Amino acid sequence: MDTYGLIGKTLKHSFSKRFFTEKFEREGLQARYELFELDTIGLFPALWQSQPGLRGLNVTIPYKTEVIPFLDWLSPAVEEIGAVNCIRRGSHGLEGHNTDVLGFERSLREQWQGEWPEEALILGNGGAAKAVAFVLKNLPGIQQIRTATRSPKAPGECDYASLNRLDWATCRLIVNTTPLGMYPEVESLPPIPYEILGATHLAMDLVYNPAETAFMRAAAAQGARVANGLDMLIYQAEAAWEIWTRD
Ligand code: NAP
């Protein structure tokens with residue numbers, strides 16, 4: 001039977017397992033989705049040997065970067081971001097993809113109306129922020145992408161205290177990639193000057209639990225459009241399925 005699955009160190013509540021198991025049942029597909037807990041990434045080659053039906057994997061913490069040396073081919077997004085969350089056994093051997101990139105781009109394109117803004121602001125500087133930055137850099141029209149981080153180092157990075165000096169009339173897209181506001185810390189939110197936001201801004205949160213985060217509430221209270229990360233989560237899973245099953 002075709003097997004798909006998720007590798008990580010400790011796997012308990014998995015959206016992917018639920019998503020794909022329900023999909024296989026609904027569509028009558030002879031396939032299964034398993035959770036593979038690996039104590040070290042050194043066990044990755046043995047997993048493929050022990051699972052002859054294995055067609056594709058999702059990858060989660062802490063192996064998104066550590067798995068790269070075991071792969072034969074990397075997508076351009078993975079080459080730039082340095083993180084893999086989807087692996088397929090394909091014509092290049094083991095291929096590394098990043099479906100957060102695909103999921104975020106599809107969700108953003110559905111949410112954004114009109115011309116792309118001149119500037120965009122990413123809150124947080126972790127793995128998801130790199131996927132978001134990759135998408136924004138490749139959109140036509142966005143000339144400047146800033147990242148707000150608690151410890152700015154590189155060009156384009158700034159601290160939260162300096163955000164009130166930003167030109168918010170041109171910076172009309174704000175993406176929260178920090179875990180602030182995620183259950184159970186539902187009252188926490190990124191420290192940005194919300195009072196400057198208005199109807200021309202879109203505030204996107206990658207957090208999806210709760211469905212309306214404190215960040216979204218604060219932005220919406222100023223008239224901004226808001227979206228959570230649920231569509232991105234679903235679209236990244238759909239993108240993985242498309243990658244695993246393409247010819
Ligand atoms: P990560 O690698 O740990 O990065 C999170 C970043 O947020 C950190 O690098 C940090 O940046 C910032 N941060 C963390 N705690 C903070 C705090 N208390 N105050 C201010 N900034 C803080 O995590 P990730 O993998 O990028 O994931 C980030 C969030 O996105 C998670 O909530 C995750 O569930 C969500 N996510 C959603 C989807 C989806 O499909 N919707 C996909 C991927 C991730 P600095 O240290 O530079 O400030």
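Everything numeric here is computed off the predicted structure, so don't read it as measured data. Every number for a ligand or one of its atoms is a count from 1 in the order of the listing. Values below: every heavy atom of this structure, side chains too, minus hydrogens, waters and symmetry copies.
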Is it the side chain (CB and beyond), the backbone, both or neither of Tyr208 that lies under 4.0 Å from ligand 1, heavy atoms counted?
-> side chain
What are the atoms of ligand 1, with element, lying closer than 4.0 Å to any heavy atom of Gly127?
-> 2 (O), 26 (O)
Would you confirm whether any non-hydrogen atom of the protein falls under 4.0 Å from atom 3 (O) of ligand 1?
-> no
Would you say Thr149 has any N or O atom under 3.5 Å from an N or O of ligand 1, going by distance alone?
-> yes
Per-atom filter on ligand 1: closer than 4.0 angstrom to a heavy atom of Gly229 are 39 (C), 41 (N)
Do the non-hydrogen side-chain atoms of Leu38 and Thr40 ever get within less than 4.5 Å of each other?
-> no
Is it true that the side chains of Thr200 and Arg172 contain a donor and an acceptor less than 3.5 Å apart?
-> no
Tell me, which protein residue and heavy-atom name are nearest atom 19 (N) of ligand 1, and how many Å apart are they?
-> Leu180 CD1, 3.5 Å
Leu6 side, atom CG; Glu34 side, atom CD - distance, nearest 0.5 Å = 11.0 Å
Just need the protein heavy atom nearest to atom 42 (C) of ligand 1, so name the residue and atom and give the distance.
-> Met232 CE, 3.6 Å
Without hydrogens or angle criteria, can the side chains of Thr170 and Glu118 be said to hold a donor-acceptor pair below 3.5 Å?
-> no
Ligand 1 contact on Arg150 by region, counting heavy-atom pairs under 4.0 Å = both
Leu206 N/O to ligand 1 N/O under 3.5 Å | yes
Among Thr177, Thr178, Asn176, Leu233, which residue places a heavy atom closest to atom 12 (C) of ligand 1?
-> Thr178
closest protein heavy atom to atom 34 (O) of ligand 1 is Met182 SD, 3.9 Å
Under 4.0 Å from any heavy atom of Pro179, which atoms of ligand 1 are there?
-> 5 (C), 7 (O), 13 (N), 14 (C), 15 (N), 32 (O)
Hey, are Asn125 and Thr147 close enough side-chain-wise for a donor-acceptor pair under 3.5 Å?
-> no
Assess the side chains of Glu105 and Tyr235: does a donor N or O sit below 3.5 Å from an acceptor N or O?
-> no
Is there side-chain contact between Leu54 and Tyr4, with heavy atoms separated by less than 4.5 Å?
-> no
Would you tell me whether Tyr33 and Asn58 have side-chain atoms, one donor and one acceptor, within less than 3.5 Å of each other?
-> yes
Judging by distance only, is a nitrogen or oxygen of Ala148 under 3.5 angstrom from one on ligand 1?
-> no
Ignoring hydrogens and geometry, is there a side-chain-to-backbone donor-acceptor pair from Ser107 to Gly103 under 3.5 Å?
-> no
Could you verify whether a donor N or O on one side chain and an acceptor N or O on the other, from Asp205 and Asn228, lie under 3.5 Å apart?
-> no
Atom 11 (O) of ligand 1: the protein heavy-atom neighbour that sits closest, reported with distance to 0.1 Å | Asn125 N, 3.3 Å
Atom 43 (C) of ligand 1: which protein heavy atom is closest, and how many Å away?
-> Asp100 OD2, 3.8 Å
Run down the list Ala128, Gly126, Gly124 and name the one with the heavy atom closest to atom 44 (C) of ligand 1.
-> Ala128
